[in-house]
Amino acid sequence: MFECFRGGAGEVLKRPDYLEDFGRFYASDIRLLAKIERGQTFKEQGSPSWDAFATGDWTGALRLIEAERDSVAAYFQDAARRGLAFRRLRIVEFPVTPYLQWELNSFRLRSELGEEIRVLDAREIADLERDGPLPEVVVLGNAVMYAVIYDEKLKGAGARRFIDPGQIATTVGEFESLYRKGEEFSEFFEREIAPLGPPTAVSQRATASGGSRIHQAGGDLRSTER
């Protein structure tokens, strides 16, 4: 599964080129934006909510997530007018990291407003990860897909781009297969995340040393660059 991403295949795009390329395809006539997210800890650049979380202000972090409601709603309303489905599969390890606890609270808002999110326990894909973790994949319709790449500090350095229609069709099929195995986000959140207390400050400082990715309230570039 996801064999086309093995061995460094694909055209390498540096970060600015990747973001420009993503934006161009996103604005085109696509009907699906699909993402697999595998990493458990990242640093969010440009997110006031993440900044509050990282400094120990959990109440403020949740308040700032809610403050994005109007902009996130507008994004998904525009997507609905375009006939664009946004599906995300979030792979989760246990115990849940402080970062992931924050992120899934952010996803709760997005799920309420139109994003189709499912969660899959990492133990369910152990057989697929014998040679390494699943790639973090972004698929835009049948036009293009990307595998995010990282520098030595685990910060987003760009992506590998794939435009072969056969590879894209295969990847979409593989994504849908895993997506069907995932649990509906609201059920997972209420059982596993809602009962958790605030993350500890020590854990949050550890989270701050992880990877890096762009956060935008509207979500079109959300988690496409790390």
Side-chain angles (χ1 to χ4, degrees), residues 1-6 9-11 13 18-40 42 72 75-92 100 103-104 106-122 124-125 128-129 133-150 156 158-186 188-189 213-216 218-226:
M1 187 172 274
F2 302 108
E3 288 301 318
C4 69
F5 296 100
R6 306 292 183 186
E11 178 188 2
L13 301 178
Y18 167 41
L19 295 179
E20 180 181 358
D21 199 66
F22 176 93
R24 177 168 57 88
F25 280 104
Y26 178 83
S28 66
D29 187 27
I30 61 171
R31 291 291 178 265
L32 173 67
L33 198 166
K35 295 182 180 179
I36 298 175
E37 293 188 316
R38 181 63 180 88
Q40 304 297 295
F42 294 101
V72 174
Y75 170 76
F76 286 112
Q77 288 165 4
D78 177 70
R81 285 192 294 268
R82 294 176 53 189
L84 173 61
F86 195 143
R87 296 195 185 104
R88 186 192 306 263
L89 179 64
R90 197 27 161 131
I91 309 298
V92 173
L100 202 56
E103 183 188 65
L104 292 174
S106 176
F107 286 178
R108 184 183 192 183
L109 176 65
R110 298 171 66 86
S111 177
E112 290 175 2
L113 296 175
E115 185 170 340
E116 302 170 25
I117 306 175
R118 291 192 177 188
V119 179
L120 189 60
D121 188 325
E124 296 293 320
I125 59 170
L128 301 178
E129 297 194 318
L134 290 185
E136 303 236 352
V137 177
V138 182
V139 181
L140 298 181
N142 59 5
V144 67
M145 62 184 182
Y146 308 94
V148 179
I149 57 177
Y150 308 82
R160 292 182 283 132
R161 180 176 66 175
F162 300 78
I163 58 173
D164 179 84
Q167 291 179 331
I168 295 171
T170 296
T171 298
V172 170
E174 292 171 339
F175 169 85
E176 294 292 351
S177 177
L178 289 182
Y179 186 80
R180 286 191 295 270
K181 294 180 180 179
E183 181 177 6
E184 290 292 341
F185 179 82
S186 60
F188 178 87
F189 185 91
R213 64 183 181 179
I214 288 178
H215 172 89
Q216 295 189 1
D220 53 315
L221 295 184
R222 177 75 165 87
S223 56
T224 62
E225 191 277 331
R226 292 194 178 98

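Remember, predicted model here, so these are calculated numbers, not experimental data.
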Any chance [atom1] of [X] has more than 12 other-residue heavy atoms, nucleotides or ligands included, within less than 6.0 Å?
| X | atom1 | value |
| --- | --- | --- |
| Glu20 | CD | no |
| Leu128 | CG | yes |
| Asp164 | CG | yes |

Practice task
Is it possible for you to check whether Arg110 lies under 6.0 Å from the centre of the six-membered ring of Phe86, through NZ or CZ, and within 45° of that ring's axis?
Solution key: yes
Exercise for the section: Mind checking salt bridge (charged side-chain N to carboxylate O under 4.0 Å, His left out) for Arg81 and listing every partner two or more places apart, or none if nothing turns up? Expected result: Asp78
Where is the tightest heavy-atom contact between [X] and [Y], given as atom of each residue plus distance?
| X | Y | answer |
| --- | --- | --- |
| Ala147 | Phe5 | CB-CD2, 3.6 Å |
| Pro133 | Arg6 | O-NH1, 4.0 Å |
| Leu178 | Ile125 | CD2-CG2, 4.2 Å |
| Cys4 | Met145 | SG-CE, 3.7 Å |
| Ala85 | Glu116 | CB-OE2, 4.1 Å |
| Ile30 | Phe25 | CG2-O, 3.7 Å |

Does [X] reach the side chain of [Y], with side-chain heavy atoms less than 4.5 Å apart?
| X | Y | result |
| --- | --- | --- |
| Leu33 | Arg31 | no |
| Arg90 | Leu100 | yes |
| Tyr18 | Ile149 | no |

Exercise for the section: Check the angle between the aromatic planes of Tyr26 and Phe22 and answer parallel, tilted or perpendicular using the 30° and 60° thresholds. Expected result: parallel
Exercise for the section: Start with the C-alpha distance between Leu104 and Phe185, add both sets of side-chain angles, then the distance that settles side-chain contact (heavy atoms from CB on, under 4.5 Å), and finish with yes or no. Expected result: CA-CA 9 Å; Leu104 292 174; Phe185 179 82; 3.7 Å; yes
If you round to the nearest 0.5 Å, how far is [atom2] of [Y] from [atom1] of [X]?
| X | Y | atom1 | atom2 | value |
| --- | --- | --- | --- | --- |
| Ile91 | Leu134 | CD1 | CG | 6.0 Å |
| Glu183 | Glu124 | CD | CD | 10.5 Å |
| Ile117 | Arg108 | CD1 | CZ | 12.0 Å |
| Tyr146 | Asp21 | OH | CG | 3.5 Å |
| Thr171 | Met1 | OG1 | CE | 10.0 Å |
| Glu37 | Phe107 | CD | CZ | 4.5 Å |

Practice task
Keeping the roles fixed (side chain from Ser177, backbone from Gly173), state whether a donor-acceptor pair exists under 3.5 Å.
Solution key: no
Handout entry: Glu184/Arg118 salt bridge by N-O under 4.0 Å criterion
Key = yes
